[in-house]
S.K.: 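Quick one: the structure is below, and I'll ask about it shortly.
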Amino acid sequence: MKSNNSNLKYIQQLKSVAGNLNELRFNSEIDELSEKVTGDKFYLVMLGLFKRGKSSLINALLGDEVVPTGVIPLTAIITLIEFSSEKYAEIFFIDSESIKVGIDEVAKYVAEKENPKNIKKVKFVKIYHNSEILKSITIIDTPGVGSSLEHNTETTNEFIDKIDAALFVLSVDVPITKAEVEFLKKIKGRIPKVIFVMNKIDLFTKEQLADATDYNKGVLNEICDKQPLEFIEVSSRDALLGFQQNNLELQGKSNFSNLLQRIKLLAESEKTGIMNLAVMHRLLILTNELI
């Protein structure tokens, strides 16, 4: 609580200075940070390249098909998923207006096919869902980087400094690429906690999976300078089917319980320290920009 009060004090001082200098363009960023601290919102963000299974991983975490998935990239929209007893979505536009829609209508605003290059001027999307996991965290889906859509990569890069913790999603069928290595180098030191999740393990045999894990861990260890590496292998496909069908065998094969336990530990034991680091990092950036 004391740390939150200190952060709010700094945030208000920063807003006052920005106002005195007539730098009103900072207000939305500062207000967003203030709302995050006041609401104790812990941002767990999905990062990774296009087609690594970020959206399907979110759906498995929620136990429900909530976030649109597809064979072509989604457009440059950040999607926040928060807890509510009622399931619905809210679309926020650049002109500050917003509308409420059904969750099944979200694709109309975030899919490149239905909103090419964001011609509908969507600023961000909030999805509200009653999944238990959302009581302690806000899950955020970011556009996949490395696709042909440069605006997707730019949107994700701009969001990096607002992240508390990230799940960096890899895919078992694609050895870690140069693009992923370069992206990881770019975000290194800017996010308090990064957990690597290798998805789609249902595609490989145990022997193939062991080889893929060894290779990817080797590359990641070099990037992380031998710092402790958190690496979890899952199948979001098996997990979601297992939850929907109440199939314990599929749930076990998915290895999803390990990921859920790790997220629970983040939310219960590490949340305050991580959030303080992230908020102070963001305050420093805003202060330097203001200077």
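These numbers come from a predicted model, not from an experiment.
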S.K.: Decide yes or no on side chain to side chain contact (heavy atoms under 4.5 Å, CB included) for Val67 and His129, but give the supporting numbers first.
M.R.: CA-CA 11 Å; Val67 179; His129 194 274; over 6 Å; no
S.K.: Identify whether Leu286 and Val17 are in the same connected component of the hydrophobic contact network (ILVMFWY, side-chain heavy atoms under 4.5 Å).
M.R.: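 Yes; Val17 is reachable from Leu286 via cluster members.
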S.K.: Can you name the closest pair of heavy atoms from Phe42 and Ala165 and give their distance?
M.R.: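 Phe42 and Ala165 have their closest heavy atoms at CZ-CB, 3.8 Å.
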S.K.: Do side-chain atoms of Asp141 reach the backbone of Thr79 as a donor and acceptor pair under 3.5 angstrom?
M.R.: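 Checked: no pair found.
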S.K.: Nearest 0.5 Å, please: how far is CD1 in Ile274 from CG in Leu44?
M.R.: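 These two atoms lie 9.5 Å from each other.
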S.K.: Is there a side-chain contact between Ile232 and Arg262 in this structure, where contact means two heavy atoms from C-beta onward sitting under 4.5 Å apart?
M.R.: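 Counting from C-beta outward, Ile232 and Arg262 do come under 4.5 Å.
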S.K.: How long is the gap from OG1 on Thr287 to CZ on Phe26, to the nearest 0.5 Å?
M.R.: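 Here the interatomic distance stands at 9.0 Å.
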S.K.: Below 4.5 Å, heavy atoms only, C-beta onward: do Asn255 and Asn258 meet side chain to side chain?
M.R.: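 Answer yes - side chains close enough.
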S.K.: Counting N and O atoms only, with roles assigned by atom type, does the side chain of Ser34 sit under 3.5 Å from a partner on the main chain of Asp31, one being a donor and the other an acceptor?
M.R.: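 Flag not set: sc Ser34 to bb Asp31 has no pair under 3.5 Å.
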S.K.: Classify the side-chain pair Ser236/Ser56 by whether it contains a donor and acceptor separated by less than 3.5 Å.
M.R.: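 Their side chains do contain a donor-acceptor pair, which is all the 3.5 Å distance test asks for.
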S.K.: Dump the intermediate steps for side chain to side chain contact (heavy atoms under 4.5 Å, CB included) on Leu80 and Val125, then the final yes or no.
M.R.: CA-CA 6 Å; Leu80 297 87; Val125 172; over 6 Å; no
S.K.: Would the distance check show the side chain of Gln12 and the main-chain N or O of Lys9 forming a donor-acceptor pair, the cut-off being under 3.5 Å?
M.R.: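 Looks like no, no N/O pair under 3.5 Å.
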S.K.: Any link between Leu220 and Tyr215 through a network of hydrophobic side chains (Ile, Leu, Val, Met, Phe, Trp, Tyr) touching at under 4.5 Å?
M.R.: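 Yes: a chain of side-chain contacts under 4.5 Å links Leu220 to Tyr215.
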S.K.: Establish, from distance only, whether the side-chain atoms of Asn7 and Asn276 form a donor-acceptor pair under 3.5 Å.
M.R.: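 Distance-only check passes for Asn7 and Asn276.
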S.K.: Between the main-chain N or O of Ile176 and the side-chain N or O of Asn216, is there a donor-acceptor pair closer than 3.5 Å?
M.R.: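 Yes: the side chain of Asn216 pairs with the backbone of Ile176.
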S.K.: So which of Lys271, Lys36, Arg282, Arg190 actually passes salt bridge (Lys or Arg N to Asp or Glu O under 4.0 Å) with Asp164?
M.R.: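 Looking at Lys271, Lys36, Arg282, Arg190, the match for Asp164 under the salt bridge (Lys or Arg N to Asp or Glu O under 4.0 Å) is Lys36.
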S.K.: Taking the side chain as every heavy atom from C-beta outward, state whether Ile263 and Leu61 have any pair of such atoms under 4.5 Å apart.
M.R.: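 They are in contact (side-chain heavy atoms under 4.5 Å apart), so the answer is yes.
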S.K.: Tell me whether the centres of the aromatic rings in Phe92 and Phe124 are closer together than 6.0 Å.
M.R.: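 For Phe92 and Phe124, the ring centres are under 6.0 Å apart.
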S.K.: Indicate, with yes or no, if Leu260 and Leu62 share a hydrophobic cluster defined by side-chain heavy-atom contacts under 4.5 Å among Ile, Leu, Val, Met, Phe, Trp and Tyr.
M.R.: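 In one cluster with Leu62: Leu260, yes.
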S.K.: I'd like to check Asp64 versus Lys87 (side-chain heavy atoms, cut-off strictly below 4.5 Å). Are they in contact?
M.R.: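 Heavy-atom side-chain distance check passes, below 4.5 Å.
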S.K.: Less than 4.0 Å between a side-chain N and a carboxylate O, is that true for Lys123 and Asp95?
M.R.: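 So Asp95 does not pair with Lys123 through a salt bridge.
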S.K.: Relative to the ring of Tyr128, is the ring of Tyr88 parallel (under 30°), tilted (30 to 60°) or perpendicular (over 60°)?
M.R.: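 Ring orientation, 0 to 90° scale: parallel.
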S.K.: Name the one of Val45, Val194, Ile195, Ile139 that satisfies side chain to side chain contact (heavy atoms under 4.5 Å, CB included) with Leu167?
M.R.: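 Answer after filtering Val45, Val194, Ile195, Ile139: Ile195.
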S.K.: Would Val169 and Leu47 count as a side chain to side chain contact (heavy atoms under 4.5 Å, CB included) if you check the C-alpha gap in whole Å, the side-chain angles of each, and the deciding distance to 0.1 Å?
M.R.: CA-CA 6 Å; Val169 185; Leu47 293 176; over 6 Å; no
S.K.: Mark yes or no for whether Lys200, through its side chain, and Asp173, through its backbone, hold a donor-acceptor pair below 3.5 Å.
M.R.: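 Flag not set: sc Lys200 to bb Asp173 has no pair under 3.5 Å.
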S.K.: Donor-acceptor pair, Ser171 side chain versus Val174 backbone, under 3.5 Å?
M.R.: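 A pair under 3.5 Å: no.
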S.K.: Taking C-beta and beyond as the side chain, do Ile94 and Val122 meet within less than 4.5 Å on heavy atoms?
M.R.: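 No - every pair of side-chain heavy atoms lies 4.5 Å or more apart.
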S.K.: For Lys120, I'd like to know if atom NZ has over 12 heavy atoms of other residues, nucleotides or ligands within 6.0 Å.
M.R.: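 Check passes, neighbour count above 12.
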S.K.: Measure the spacing between CD of Glu105 and CD1 of Ile91 and express it to the nearest 0.5 Å.
M.R.: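 Separation between the atoms: 8.5 Å.
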S.K.: Glu233: which residues meet the salt bridge (charged side-chain N to carboxylate O under 4.0 Å, His left out) condition with it, sequence neighbours left out?
M.R.: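 Testing Glu233 for salt bridge (charged side-chain N to carboxylate O under 4.0 Å, His left out), a comparison that skips the adjacent residues, returns none.
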S.K.: Please check if Leu229 and Ile201 belong to a single hydrophobic cluster, counting links between Ile, Leu, Val, Met, Phe, Trp and Tyr side chain heavy atoms closer than 4.5 Å.
M.R.: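 Yes, it is one cluster - the side chains of Leu229 and Ile201 are joined through contacts under 4.5 Å.
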S.K.: Out of Leu134, Thr138, Ile137, which residue meets the side chain to side chain contact (heavy atoms under 4.5 Å, CB included) rule with Ile81?
M.R.: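 The passing option is Leu134.
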S.K.: Without hydrogens or angle criteria, can the side chains of Ser254 and Gln251 be said to hold a donor-acceptor pair below 3.5 Å?
M.R.: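 Judged by distance alone, the side chains do not pair up.
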S.K.: Within a radius of less than 6.0 Å around CD of Glu65, do more than 12 heavy atoms belonging to other residues, nucleotides or ligands occur?
M.R.: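 No, CD of Glu65 has 12 or fewer neighbouring heavy atoms, counting only those of other groups under 6.0 Å.
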S.K.: Considering only heavy atoms from C-beta outward, does the side chain of Val110 approach that of Pro68 to under 4.5 Å?
M.R.: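 SC-SC contact between Val110 and Pro68 confirmed.
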S.K.: Keeping the roles fixed (side chain from Gln245, backbone from Gly242), state whether a donor-acceptor pair exists under 3.5 Å.
M.R.: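 No, Gln245 side chain to Gly242 backbone: no donor-acceptor pair under 3.5 Å.
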S.K.: Are Glu29 and Lys162 ion-paired here, with the side-chain N under 4.0 Å from a carboxylate O?
M.R.: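 Yes, this pair counts.
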S.K.: Using a 3.5 Å distance criterion without hydrogens, assess whether the side chain of Asn115 forms a donor-acceptor pair with backbone atoms of Ile119.
M.R.: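 Yes: the side chain of Asn115 pairs with the backbone of Ile119.
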S.K.: Could you grab the distance from atom NZ of Lys206 to atom OG1 of Thr213, nearest 0.5 Å is fine?
M.R.: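 It is 13.0 Å, given to the nearest 0.5 Å.
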S.K.: Apply side chain to side chain contact (heavy atoms under 4.5 Å, CB included) to the pair Phe256 and Leu57, showing each step before the final yes or no.
M.R.: CA-CA 10 Å; Phe256 223 71; Leu57 186 68; 3.6 Å; yes
S.K.: With the 4.5 Å side-chain cut-off for hydrophobic clustering, are Leu284 and Tyr43 part of the same group?
M.R.: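 Leu284 does not cluster with Tyr43.
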S.K.: Using only heavy-atom distances, determine whether the side chains of Ser235 and Asn199 contain a donor-acceptor pair under 3.5 Å.
M.R.: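 There is no such pair between these side chains.
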S.K.: Taking all non-hydrogen atoms of both residues into account, name the closest pair between Pro192 and Leu277 and its distance.
M.R.: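 Nearest heavy atoms, Pro192 then Leu277: CG-CB, 4.1 Å.
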S.K.: Which distance, rounded to the nearest 0.5 Å, do you find between the CZ of Arg237 and the CG of Asp202?
M.R.: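 One gets 5.5 Å once the value is rounded to the nearest 0.5 Å.
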S.K.: Quick one: do Lys100 and Glu86 make a salt bridge, cutoff under 4.0 Å?
M.R.: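 No, Lys100 and Glu86 are not salt-bridged.
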S.K.: Given side chains that start at C-beta, do those of Tyr109 and Val101 come closer than 4.5 Å, heavy atoms only?
M.R.: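 Counting from C-beta outward, Tyr109 and Val101 do come under 4.5 Å.
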